[in-house]
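Have a look at the structure below before the remarks.
This one's a predicted model, so the numbers in the text were calculated from it and none came from an experiment. First the proteins, then the strands, lettered A, B, ... as listed; each starts at 1.
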Protein chains: 2
Amino acid sequence: MATRTDAPTRREQILKEAARLFAERGFHGVGVDEIGAAVGISGPGLYRHFAGKDAMLAELLVGISGQLLRGAKRRLAEADGEAPGAVLDSLIEGHIDFALDDRPLITLHDRELDRLRDSDRKLVRQLQRQYVELWVGVVREVYPAVGEPAARSAVHAVFGLLNSTPHLGRPSRAATAGLLHRMARGAFDAVGGAG
Amino acid sequence: MATRTDAPTRREQILKEAARLFAERGFHGVGVDEIGAAVGISGPGLYRHFAGKDAMLAELLVGISGQLLRGAKRRLAEADGEAPGAVLDSLIEGHIDFALDDRPLITLHDRELDRLRDSDRKLVRQLQRQYVELWVGVVREVYPAVGEPAARSAVHAVFGLLNSTPHLGRPSRAATAGLLHRMARGAFDAVGGAG
DNA sequence: CACATGCGTTAACGCTCATTAACAAGGGGA
DNA sequence: TCCCCTTGTTAATGAGCGTTAACGCATGTG
């Protein structure tokens with residue numbers, strides 16, 4: 001992954017601000033004029049960059065799901081020979097990084113999915129499902145006694161735990177990350193022991 | 001607490017359906033006509049029972065927060081002489097019951113708070129804060145090594161875990177409840193050990 | 001019987017807001 | 001220099017939707 005050094009394009013500015021606003025007040029709660037104002041242009045000027053408000057949301061949600069899945073696949077590939085526990089730790093770490101660095105997107109992720117066109121919604125759901133199943137596979141390697149339905153529920157529950165970052169205070173990033181990581185592992189351990 | 005046996009009043013029907021619809025498609029995503037249709041009357045008929053759409057949301061959110069807090073206080077009082085761990089288990093159990101029995105309300109709880117009038121929002125936040133602090137106190141009794149900020153973060157994270165029920169499949173209620181309970185305790189144990 | 005009150009109905013109003021129309025300015029290439 | 005493409009602007013349009021108006025009809029009570 002190349003680290004970006006060039007200036008963000010206008011499209012990217014818009015997406016970033018739109019994500020923040022959508023997360024703060026919901027998709028319907030934000031007007032196009034506000035989004036425009038957030039990047040210094042006004043209202044209908046956005047239509048030079050996006051087909052419409054829906055298109056912004058779609059691009060955001062598809063982008064999130066894709067990024068999460070891609071990152072998880074990469075970590076899975078990189079940690080090839082490692083112990084299963086280490087792979088799970090890597091997944092957790094990746095998800096925490098994302099939740100801490102892109103809080104607005106995390107909020108959107110499970111809040112505004114319904115507003116998408118059918119095709120986009122299906123795509124996002126498919127990416128999400130792949131991401132979940134990838135986790136389920138790793139969890140079942142670490143805890144062989146756990147059945148598949150229990151593992152899937154546990155993964156969803158841990159996502160809920162990790163995605164709680166928007167509600168958290170702002171102590172040091174490292175402290176928060178460490179706390180969440182330990183809690184996630186502890187939660188998985190608890191189902192692994194009693195399956 | 002007296003168990004209701006009489007038929008639900010129209011107001012209650014409306015609140016129940018409104019909660020479901022708001023949770024499914026968001027406050028702005030559902031029209032008054034839909035809410036009316038859900039209880040067999042149409043559109044403006046709702047105004048015989050509520051001052052407006054906002055009033056329904058306000059009553060729902062205040063009701064949720066109050067109910068959660070009241071239940072927690074009751075459990076705290078009932079489990080007076082018990083070990084701290086048992087009290088924490090009781091809180092967890094109460095929250096799980098609520099999350100499983102009133103999924104729509106749980107969803108609303110942290111999704112649509114901003115749409116309230118200032119006074120209502122303050123009230124809800126105050127109730128939520130009391131609920132959190134009550135948990136924080138119990139957690140710190142069970143795990144004396146944990147500092148207050150960490151305990152508060154941990155409580156929020158566990159709420160995220162427990163509130164993940166809307167994303168879960170539907171195995172038996174008991175199985176889901178047991179799984180969530182074990183995971184919540186495991187998550188707390190993980191911060192208690194390494195504080 | 002008369003009448004108030006509770007609970008609905010449908011029609012109209014008015015506001016918000018996404019989208020489109022019409023127009024302007026900058027800037028790089030032929 | 002002359003275009004034309006990009007990227008804006010403001011004004012107009014049109015739909016959706018919360019709310020209110022005006023009216024009907026039961027029911028129980030004096």
If the threshold is 4.0 Å, N to carboxylate O, is there a salt bridge linking E12(B) and K16(B)?
no

Ionic contact status for R115(A) with E112(A), cut-off 4.0 Å:
yes

Answer yes or no: is there an ion pair linking R129(A) with E133(A), defined by an N-O contact shorter than 4.0 Å?
no

Between P on dT6(D) and CZ on R11(A), what's the gap in Å once rounded to a whole number?
14 Å

Side chains of R117(B) and S119(B): is there a donor and an acceptor less than 3.5 Å apart?
yes

Using salt bridge (charged side-chain N to carboxylate O under 4.0 Å, His left out) as the criterion, list what pairs up with D101(B), not counting sequence neighbours.
R173(B)

Pairing of D89(B) and R185(B) as salt bridge, 4.0 angstrom limit:
yes

Which parts of nucleotides 7-22 of chain D does protein reach within less than 4.0 Å, heavy atoms only, written one letter per nucleotide 5' to 3' as B for base, S for sugar-phosphate only and - for none?
BBBBB------SBB-B

With the threshold set at under 4.0 Å for non-hydrogen atoms, list the residues of residues 111-122 of chain A touching DNA chain C in residue-number order.
none

So, R103(A) versus T165(A): side-chain donor-acceptor pair below 3.5 Å or not?
no

Within the structure provided, determine whether F50(B) and E59(B) are in side-chain contact (heavy-atom separation under 4.5 Å).
yes

